[in-house]
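Report on the structure given below.
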Amino acid sequence: MISCLSLSSYSFCEKIALKKYRRCVKRGCIKRPQVVSGAKKDGFGLRVFVLSDLHTDYPENMAWVRSLSTKRHEKDVLLVAGDVAEMYDNFILTMSLLKERFEYVFFVPGNHDLWCRWETEDFDSLEKLNKLLDACKQLGVETNPAVIDGLGIIPLFSWYHESFDREDDIVGVRIPSLDMACKDFHACKWPGNLSNRDTSLALYFDLMNEKNQNTVKQIQSTCSQIITFSHFVPRQELCPEKRMLFYPKLPKIIGSDWLEDRIRSIHGVESSSLACHVFGHTHFCWDAVVDAIRYVQAPLAYPRERKRRMNGGETWLPFCIYLDGEFGAKVMPCYWSDYYAINPRTPSNTELAPWVARFYNLI
């Protein structure tokens with residue numbers, strides 16, 4: 001279970017900032033700034049950093065956010081690819097801290113952001129989504145497409161659907177059901193016409209992007225370089241094969257075909273080296289080019305996951321994806337995408353990897 005920060009765990013200054021934010025929201029005195037060009041840093045051009053899955057309900061992760069320099073990124077852009085925090089107050093504090101450190105912050109929601117388990121107010125996940133988007137407006141966090149120094153940045157709303165998974169299932173092993181393993185089925189609350197059990201949520205969230213179509217078309221016509229980003233996964237190849245996973249049913253709750261279609265409609269079917277999509281959700285560091293689009297995931301993830309990960313993440317996150325007119329080089333440790341760069345994907349092989357077989361007591 002996720003450990004949650006209470007207001008008592010905030011510093012005195014952060015308590016004051018949070019109370020001030022709430023007071024300003026009620027009075028309507030916080031205005032949303034307009035995005036303009038000019039994100040420069042003393043001789044360097046525009047820098048864009050990416051980060052996902054902050055999960056700042058964990059005190060260690062909130063401490064990491066607090067530790068980010070208030071000077072180093074003051075002219076930079078940060079793309080936050082979802083799963084900031086389950087608790088609303090932790091979300092507000094996290095995004096406030098990030099906005100203090102980066103000139104521009106963009107955000108798309110993840111599944112944990114829409115959990116309603118511990119909220120004091122009685123609202124469903126769509127109402128919470130609107131509440132988060134309203135808070136972003138008040139804080140000056142962007143959730144709509146924009147152009148900064150000639151670079152197009154397009155946030156994409158998305159949700160997963162089970163039919164996204166089209167690879168062979170693992171059989172002969174008792175694997176927990178989606179209901180048992182995925183807390184979304186219980187922690188999210190949806191209106192009666194929406195459900196995790198079909199494609200309704202994936203379609204609903206995809207249609208949320210339609211309101212920005214005119215802006216997207218303008219970006220396509222004026223920008224030679226575009227970064228799109230989402231929380232969920234657009235292609236199944238961006239996740240390890242089922243036999244490699246401790247939870248082999250994971251691909252059923254990670255991605256959307258409509259998301260990939262929308263990405264291709266923006267970048268073009270054949271695309272180029274000037275196209276990039278950032279995602280999150282699975283907590284696997286990833287950096288790979290698939291069908292001419294670069295796909296990147298740079299998750300902070302859970303503290304226990306960072307302890308197992310090569311080079312953790314505290315020192316190289318957030319990851320710089322764009323610097324002075326060019327996409328950054330691949331420098332972060334990406335075990336699985338590096339593995340698939342030299343090993344073919346064989347999803348028809350359903351024999352569990354040794355570490356997974358041991359987990360299910362098959363060895």
Side-chain angles (χ1 to χ4, degrees), residues 1-22 24-25 49-74 76-121 128-129 131-133 135-136 138-141 143 183 187 231 278 280-283 285 297-309 311-319 332:
M1 180 180 294
I2 292 179
S3 58
C4 298
L5 287 171
S6 65
L7 189 62
S8 62
S9 67
Y10 298 162
S11 70
F12 175 76
C13 291
E14 288 166 347
K15 289 180 183 178
I16 297 298
L18 188 58
K19 290 179 180 178
K20 183 178 180 181
Y21 165 80
R22 288 170 170 167
C24 289
V25 168
F49 291 80
V50 298
L51 183 64
S52 72
D53 303 280
L54 284 77
H55 295 290
T56 55
D57 298 296
Y58 285 92
E60 301 96 320
N61 287 16
M62 184 68 83
W64 181 86
V65 173
R66 290 173 178 146
S67 73
L68 291 174
S69 171
T70 56
K71 298 296 183 181
R72 182 182 178 189
H73 299 294
E74 59 185 0
D76 294 334
V77 179
L78 177 67
L79 311 185
V80 181
D83 275 7
V84 173
E86 174 182 356
M87 296 293 290
Y88 177 77
D89 285 351
N90 287 340
F91 177 89
I92 295 298
L93 175 58
T94 304
M95 299 308 286
S96 298
L97 291 170
L98 293 175
K99 193 65 180 69
E100 289 172 2
R101 286 154 173 78
F102 290 82
E103 183 168 7
Y104 302 111
V105 177
F106 287 76
F107 165 77
V108 290
N111 48 317
H112 284 248
D113 299 314
L114 303 186
W115 286 8
C116 302
R117 297 187 301 174
W118 311 115
E119 301 295 354
T120 55
E121 297 182 46
K128 185 175 183 182
L129 171 61
K131 189 177 176 72
L132 296 181
L133 296 179
C136 286
Q138 301 291 349
L139 291 169
V141 172
T143 59
K183 292 181 181 178
H231 178 65
V278 175
H281 189 55
T282 57
H283 295 197
C285 298
Q297 180 175 194
L300 183 60
Y302 302 136
R304 65 179 182 273
E305 292 172 323
R306 288 199 304 281
K307 291 178 181 178
R308 297 196 301 262
R309 181 195 293 166
N311 298 324
E314 288 88 348
T315 57
W316 55 266
L317 286 170
F319 176 59
M332 65 174 174

Quick one: [atom1] on [X] to [atom2] on [Y], what's the gap to the nearest 0.5 Å?
{"X": "T94", "Y": "L98", "atom1": "OG1", "atom2": "CG", "result": "6.5 Å"}
{"X": "T315", "Y": "L317", "atom1": "OG1", "atom2": "CG", "result": "8.0 Å"}
{"X": "R306", "Y": "Y58", "atom1": "CZ", "atom2": "OH", "result": "10.5 Å"}
{"X": "E60", "Y": "E314", "atom1": "CD", "atom2": "CD", "result": "10.0 Å"}
{"X": "Y302", "Y": "K307", "atom1": "OH", "atom2": "NZ", "result": "15.0 Å"}
{"X": "H231", "Y": "F107", "atom1": "NE2", "atom2": "CZ", "result": "9.5 Å"}

Is it true that the NZ or CZ of K128 lies under 6.0 Å from the centre of Y88's six-membered ring and within 45 degrees of the ring axis?
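Not flagged: K128 not positioned over aromatic ring of Y88.
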
With ring-ring contact (aromatic ring centres under 6.0 Å, His included) as the test, would you mind laying out the steps for F49 and F319 before giving the verdict?
CA-CA 5 Å; F49 291 80; F319 176 59; 8.5 Å; no

Take V108 and L79 through the test side-chain contact (heavy atoms from CB on, under 4.5 Å) and record every step on the way to the result.
CA-CA 9 Å; V108 290; L79 311 185; over 6 Å; no

Counting N and O atoms only, with roles assigned by atom type, does the side chain of [X] sit under 3.5 Å from a partner on the main chain of [Y], one being a donor and the other an acceptor?
{"X": "N61", "Y": "A301", "value": "yes"}
{"X": "D83", "Y": "H55", "value": "no"}
{"X": "K99", "Y": "E103", "value": "yes"}
{"X": "D76", "Y": "F102", "value": "no"}
{"X": "W118", "Y": "M87", "value": "no"}
{"X": "D113", "Y": "V84", "value": "yes"}
{"X": "N90", "Y": "A85", "value": "no"}

Are the side chains of [X] and [Y] in touch, meaning some heavy atoms are under 4.5 Å apart?
{"X": "L114", "Y": "L132", "value": "yes"}
{"X": "V141", "Y": "F106", "value": "no"}
{"X": "P109", "Y": "T143", "value": "no"}

Verify the distance criterion only: is there a donor paired with an acceptor across the side chains of N111 and H281 at less than 3.5 Å?
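Side-chain D/A pair, N111 to H281: present.
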
Salt-bridged, E74 to R101, with N to O below 4.0 Å?
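Looking at E74 and R101, the cut-off is not met.
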
Please step through side-chain contact (heavy atoms from CB on, under 4.5 Å) for the pair L93 and R66, ending with a clear verdict.
CA-CA 10 Å; L93 175 58; R66 290 173 178 146; 4.1 Å; yes

Stepwise side-chain hydrogen bond (donor to acceptor under 3.5 Å, both in side chains) check, E86 with H112
CA-CA 5 Å; E86 174 182 356; H112 284 248; 5.4 Å; no

Taking all heavy atoms of I92 and all of L139, pick out the closest pair and write down the distance.
O-CD1, 4.2 Å

Begin from the C-alpha positions of Q297 and V278 and carry the test side-chain contact (heavy atoms from CB on, under 4.5 Å) through to its verdict.
CA-CA 6 Å; Q297 180 175 194; V278 175; over 6 Å; no

Please evaluate residues L300 and S52 with respect to the criterion side-chain contact (heavy atoms from CB on, under 4.5 Å), reporting the C-alpha separation (whole Å), side-chain torsions for both, the decisive distance (0.1 Å), and the verdict.
CA-CA 6 Å; L300 183 60; S52 72; over 6 Å; no

